[in-house]
Amino acid sequence: MTGRIFDIQRFSVHDGPGIRTIVFLKGCPFRCKWCCNPESQEFGFQTMQMNGKVKQAGRDVTVEEVMKIIRKDQPYYHRSGGGVTLSGGEFLAQSDFARELLMTCKNEGYHTAVESTAGLDFEIIEKVLPYIDQYLMDIKHMNPKKHAEFTGRSNELILENARKIAASDTELIIRVPVVPTFNATKEEIHDIAAFAATLPGVKELHLLPYHRYGEGKYEALGRPYEMAHIKTMSDEEAEILLLEAKKSGLTCQIGG
Amino acid sequence: MAGLEQFRIRKSERIQHLVDNLYAKLPEIEADRAVLLTESYRQTEGEPIISRRAKAFSHILKNIPIIIRDEELVVGSSSIAPRGCQTFPEFSFSWLESEFDTVETRSADPFYISEETKNKLKSIHPYWAGKTTSELATSLMAPEAIKSMEHDVFTTGNYFYNGVGHITVAYDKVLKIGFDGIYKEALEEDQKLKVSDAEYAKKHYFLEAVMISCKAVIAYANRYAELAAKQADALEAGTIRNVSNAASLSNRVAELRQIAENCKRVPEFGAASFFEACQSFWFVQQLLQVESSGHSISPGRFDQYMYPYYKKDLDAGKITRESAQELIDCIWVKLNDLNKVRDAVSAEGFAGYSLFQNLIVGGQNAAGEDVTNDLSFMCIEAAMHIQLPQPSLSVRVWNKTPQELMIKAAELTRTGVGLPAYYNDEVIIPALVSRGLTLEHARDYAIIGCVEPQKPGMTDGWHDAAFFNMCRPLELVFSNGYSRGERISIQTGDVTKMKTFDEFYDAYKAQMNYQIGLLVNSDNSIDVAHATRCPLPFESCMVDDCIKRGISIQEGGAVYNFTGPQGFGIANMADALYVIKTLVYEQKKISMAELKEALDVNFGIPNEKTITELAKSVLSGMKAAGKDISAATAAQVIAAITKEYMSHDYKYLLDMIEDVPKFGNDIEEVDEMARDAAYTYTKPLETFFNPRGGQYQAGLYPVSANVPLGAQTGATPDGRLAGAPIADGVSPVAGRDVNGPTAAANSVSKLDHFIASNGTLFNQKFHPSALKGQKGLENFVALIRAFFDQKGMHMQFNVVSRETLLDAQKHPENYKGLVVRVAGYSALFTTLSKSLQDDIIHRTEHMSGI
């Protein structure tokens, strides 16, 4: 079984507990305008021109090939309570590969987490859920229209899936990419946090302030960067939103 | 973590004042010691050298000016000027005289020197001509060894120019029985001798020298007692006024009276209180550095030998944690008051005014139990309070090290001061046992200088015996034993005719073996010179079994004897060998001739030094062929070479090399190459012995010599250009580890750290964001523990941002206090040379997932 990834990042400390290895799967049904990994969206291979060099985004790997890299940091997972995180793109878009990879991780005793928007049919999610210890789920907006305008799809399925995942044995943490002009107002954050608080078992909410580190990648792909005009948030602005989120009663933090 | 709260202790105002006063001006060179030493030597001509050393030490301590600095609680200064230094002409002096006019303005570690001091030193220097250890060492060395040093294959300059230092003495013994007790031990041994014993003369004069030294130190402390009492009197009488109000006046008077009491009692007798223990410790630490110029006089397990005095006073209510902390802080400041002037070249290699006084906390005792205590935490707290390079603070780590201690240490790391360094008991203890230490002694190890483990109070480790540049023998394979047109090594044949990688690798090993033999010759010559001309009776009296055996440490009096020269360039060698193995021999993408040509011309990248070297070798060839060389011929040769140079474009080759996997990325085959490359240095060394009867043991760390010695090294097959720094310690080549800190650590852990029992050095640089919050600290600690689980030996960190460093380079005035970890130590960034600053900035920054 092979899957298509565009990166594996070791010593990641912001997506799940402890020191982790993140496997970035290629392909995503959403087209978020602020996406910091634009090469993650298309499933097909792409070429990127960076620093005068041409690089291919995307490669096909077997589960065993990925496991070989994952196993290298076993001592760090053990000491930090870390493990493996699947990210993307949207990992659910390659659910068979993801399932086998997660299953193998669980068999070998690693903590597993996923970073996902959960915007696909729940039947797909159901297949992988038993092998996931922690689900880091994006909820970007409560308004279906605005959600569709900025991500290319509406949010109904996402909200429905959130309730279902919350009801499962997997730990669910809600994450909000906070993007000025999209959802960076007190009201919008309030609404998301309030919804998250209604999900049984959800205790944590992370606000992830928008950053521009992905800008160079758009250029490398020869794509326009639509968010060029947007200013990043100051720490103070982020703090104000954090206070708003905390009103939900959840444990809230800035960053993962 | 409630337990840690009790060790967040407020820093007293006094400590800030002491630090500010210390750094108020440029450190100064003083002449008193050198003048007094010479006076004494003139009076003792013809006596046994050990007696002359003791008498000179005594004469110095009796007459050298003394000072109690404002607000000090622990007293004893080797110079009147803060951070000043004395000189040591008995080891070497001519470099200093030739640098009189540049030492104040040089870029690395400048010192002020007055005209008066220059004149004083000039008047005594002629006496020392022909009498120094360095001159004797030179006359003892094999000419081939001297030649290799001239060609920068290795350098033994540290002990050639200076005393040896690099020791942890039995501080605990002085704390317990004082120098009065040690005097009695020596006397007792002396009385046991019969004048008819074969070794009577030698032993008797040594023991007498010990007794003279003990008396000298006691008398010196008494001078401080008198000075403190006198100052207290003068304050009360109003004849001096350096305090602002009545309350602080009476406080200071009381303090001075206490100081006087302390100095009357210690170090003559055992310490009766924590305050006395602090003072006793300090006199030992300071005066070891008056007797000899050796650096890395390391306090060792301070938290262990000081603890009984702390505990007793704390339980009795005589001190509080706060008052004890202030005393510890005072000692930390004093450790930065000591200084040493080095020659300009060494100053670059050891940059940062560092004395490498290593102090280690935590770890296990002789019985194998964890002995972390209050003082372990308070030593870390002291480093947070003063934020200065000394002492080089270290933490011993093993499975039972409390997580609180690790978190506290990580908090210190996060401040960016470059401290502490972390050491793995689980590697060091078995490594020392493999060198013949008993398990009990090995468990009680401390770290000397940069990264070198030893059993305190029993070892003469000669830990910093040389820097050996592992890339130079590789150049000698390519040049068939020639360097700069001169034959300096064995001939291993025409490199372009070597048929297999093994044949090539064998040639490298042969060059290594030959040069390692020369290094041993050089070190052993210096060893003999120190034993002959500068035995140290004061140091010896605090190291077992010198008194029992009746000989000084320099003559082999210690229980454990070693010589530990450092090899560096593992990462470059691993990458270079792997490039040759794959590109030349396996894939046959390039020929050896092509590679040789590319290296000769620095990959076609013009470089003045390479051109000069090429010209030199061409000219010497012409000369050998009997041709007449005029200035015009030389100019023609240079012009021709430059033209030739520019006509080659080896970018394709550099690109090809860049695509070959590199050490530091957790790639099995390359890491195996690195492990084996390290063996080409560590294994041959083990077979050699020193004049003290001890074994050679390798270290793998360069201090900061990788920069100046890299400047003397041509282009290497790993794609490193001529003159560029060599990789630091066992760390990957800067910028080539691209898979993050865990991958780099895994690669490094694949080296055999056990055989490098003189220490290895692994440097990682972190942006402060990687240690943000409690979670950041915990992950950081986990990284260290997991590296140690895989049998890494040492780890240290720079936590600064690249921007900060670049700005500090541009505006040094704004960053006077910026401390960075250079190699085995922390240094003030702005005092480092530009090239070293660049090297630090260039080292990979591990930004953790943004």
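Naming convention: chains lettered A, B, ... in sequence-line order (proteins, then strands); numbering from 1 in each chain. No experiment lies behind these values; they were computed from the predicted model shown.
- Heavy atoms of B/D666 lying under 4.5 Å from chain A belong to its backbone as well as its side chain.
- B/K775 places a side-chain N or O within donor-acceptor distance of the main-chain N or O of A/V13, the cut-off being under 3.5 Å.
- For CD of A/E219, the number of neighbouring non-hydrogen atoms (other residues, nucleotides, ligands) closer than 6.0 Å is 12 at most.
- Under the 3.5 Å distance criterion, the side-chain polar atoms of A/K72 are left unmatched by any main-chain donor or acceptor of B/A743.
- Inter-residue side-chain proximity for A/Y76 and B/Q790 is flagged as met; some heavy-atom pair is nearer than 4.5 Å.
- Without hydrogens or angle criteria, B/N746 side chain to A/D73 main chain gives no donor-acceptor distance under 3.5 Å.
- Taking every heavy atom of both residues into account, A/G18 and B/N779 meet most closely at CA-OD1, 3.3 Å.
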For residues 86-94 of chain A, run the donor-acceptor check on the side chains, cut-off 3.5 Å, and write out each pair with its distance to 0.1 Å, sequence neighbours left out.
unit_1, atom_1, unit_2, atom_2, d
A/S87, OG, A/E115, OE1, 2.6
A/E90, OE1, A/S116, OG, 3.3
A/E90, OE1, A/T117, N, 2.7
A/E90, OE2, A/L92, N, 3.2
A/E90, OE2, A/S116, OG, 2.8
A/Q94, OE1, A/R4, N, 2.7
A/Q94, NE2, A/R4, O, 2.8
A/Q94, NE2, A/K26, O, 2.8

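- Considering every non-hydrogen atom in both B/N665 and A/R10, the closest pair reads O-NH1, 4.5 Å.
- B/L783 places none of its side-chain heavy atoms less than 4.5 Å from the side chain of A/R79.
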